[in-house]
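First comes the structure, then the notes that go with it.
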Amino acid sequence: MDHQTAARTRLISSSSDAGSKVFATILTRSPISRIDIARHTGLSQAAVTKAVSPLIAAGLVDAPPAAHRDGNPGRPVAPVSIIPDAMVMIGIKVNVDEVIAVATDLATAVIATKRRPLSHHDPRSVLDAIAAVVGELEADLGPRSAAIAGLGVSVSGDVDTASGVVRESAIMGWADVPFGEQLAQRIGRPITLENDVHALTVGEHWFGVGLGTASFAIVTIGRGIGSGLHLNGQVVSGAYGVAGEIGHLPLADPARVCNCGRRGCVEAVASTGAIEAAVSAAHGRVIDIDEAARLSHEGDEAARSAFREAAVIVGTAIATLVNLAGPELVIIGGEGVSNFDLFDRTLREAFEAHAFGAAARCRIVTRPHTFEDWARGAAAAAIQSLVG
Ligand SMILES: [Zn+2]
């Protein structure tokens with residue numbers, strides 16, 4: 001990190017509450033006038049002007065000359081804008097078989113992407129893979145790598161962002177791994193460790209659908225079933241870093257054992273692995289998710305029944321989430337979206353059957369997030385942790 005980036009990082013992370021609000025507003029709504037920043041943050045115009053000045057001086061925010069006025073003295077209407085090139089962030093999504101890394105600018109526009117397969121998913125192998133992709137990104141960025149302000153790393157499971165500990169990740173087979181500290185030592189840069197679905201939600205909150213929607217939930221289907229909640233303009237993290245774990249709602253038959261070791265979890269029926277296991281057992285051979293989807297399209301009863309059962313339980317879980325939290329929109333994402341035609345109708349029927357009253361007005365849409373989008377979410381989470 002060069003001196004300029006270090007100074008910018010210090011300025012953002014040491015800002016007052018008002019300063020943080022102003023910076024976050026410019027970051028996500030740029031270009032925006034000072035009047036609109038005041039309206040949006042509830043701060044006085046004087047407070048906004050006071051907060052904007054050091055951001056301009058540090059090269060984080062651009063403002064046209066003060067001559068642009070609307071004829072109303074003291075009320076500059078010319079908008080201020082974020083300078084995206086002022087910083088570079090690295091976002092990394094850790095999957096069980098691959099790490100996906102992006103370098104982004106301050107507005108999380110992707111500058112470069114790297115992927116590396118994982119033959120083992122023990123913490124040491126994942127550290128090695130992350131160190132390798134970060135090295136490749138730095139080489140690609142050249143002199144611009146001096147502007148890297150930090151890394152956001154997202155992992156499935158119960159992640160304590162404050163201490164950087166992965167408390168439980170069934171998919172990775174990790175328990176109480178101080179991965180944030182290990183990464184910081186290995187990479188020598190500030191690390192933000194976050195649950196993967198929460199990171200994706202931060203990305204949508206700051207730079208995606210969250211800008212036009214006060215309350216939404218992201219539900220991801222695939223190897224795991226997760227959700228992220230964004231209520232009244234805030235991403236919900238939970239007092240202990242756990243919130244919105246709909247994959248582990250006990251809505252299924254207790255005979256079904258989950259990856260997490262508990263019984264009757266949604267994930268024990270609806271995850272990719274659960275669908276593969278059900279279809280494989282019925283056919284007496286190993287069948288992967290792509291073949292299971294093909295069999296279902298061909299009318300194979302075991303495959304159809306496995307997808308139907310998954311769709312019912314995910315639809316019921318979404319109704320439970322919507323009844324409790326009341327979002328106006330549910331975005332279904334995750335790699336399972338590629339087979340969503342096999343879920344769609346049954347999932348919506350189950351949702352409608354269990355949604356209480358006006359909660360049924362909640363819209364359900366799909367969004368095919370790529371793994372680069374997930375990595376971008378990790379970069380957004382790192383920027384958010386900087387802003388505080
Ligand atoms: Zn579970």
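Everything numeric here is computed off the predicted structure, so don't read it as measured data. The first residue in the sequence is number 1, and the count goes up from there. Remember, it's 1-based here, ligands and their atoms both numbered in the order they're listed.
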*Step by step, would you call Glu98 with Lys93 a salt bridge (Lys or Arg N to Asp or Glu O under 4.0 Å)?*
CA-CA 9 Å; Glu98 189 180 30; Lys93 160 84 165 111; over 6 Å; no

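- For residues 238-257, the pairs satisfying salt bridge (charged side-chain N to carboxylate O under 4.0 Å, His left out) are Arg256-Glu309, with sequence neighbours left out.
- Excluding waters, the set of protein N, O or S atoms lying under 2.8 Å from the Zn ion (ligand 1) comprises His248 ND1, Cys258 SG, Cys260 SG, Cys265 SG.
- When hydrophobic side chains of Ile, Leu, Val, Met, Phe, Trp and Tyr are connected at separations under 4.5 Å, Ile83 ends up as a singleton with no cluster partners.
- A donor-acceptor distance shorter than 3.5 angstrom exists from the side chain of Ser338 to the backbone of Glu335, with no hydrogens or angles considered.
- Note on residues 1-11: no pairs pass salt bridge (charged side-chain N to carboxylate O under 4.0 Å, His left out), not counting sequence neighbours.
- Side-chain contact check for Glu204 and His369: at least one donor-acceptor pair (N or O, by modelled atom type) lies under 3.5 Å.
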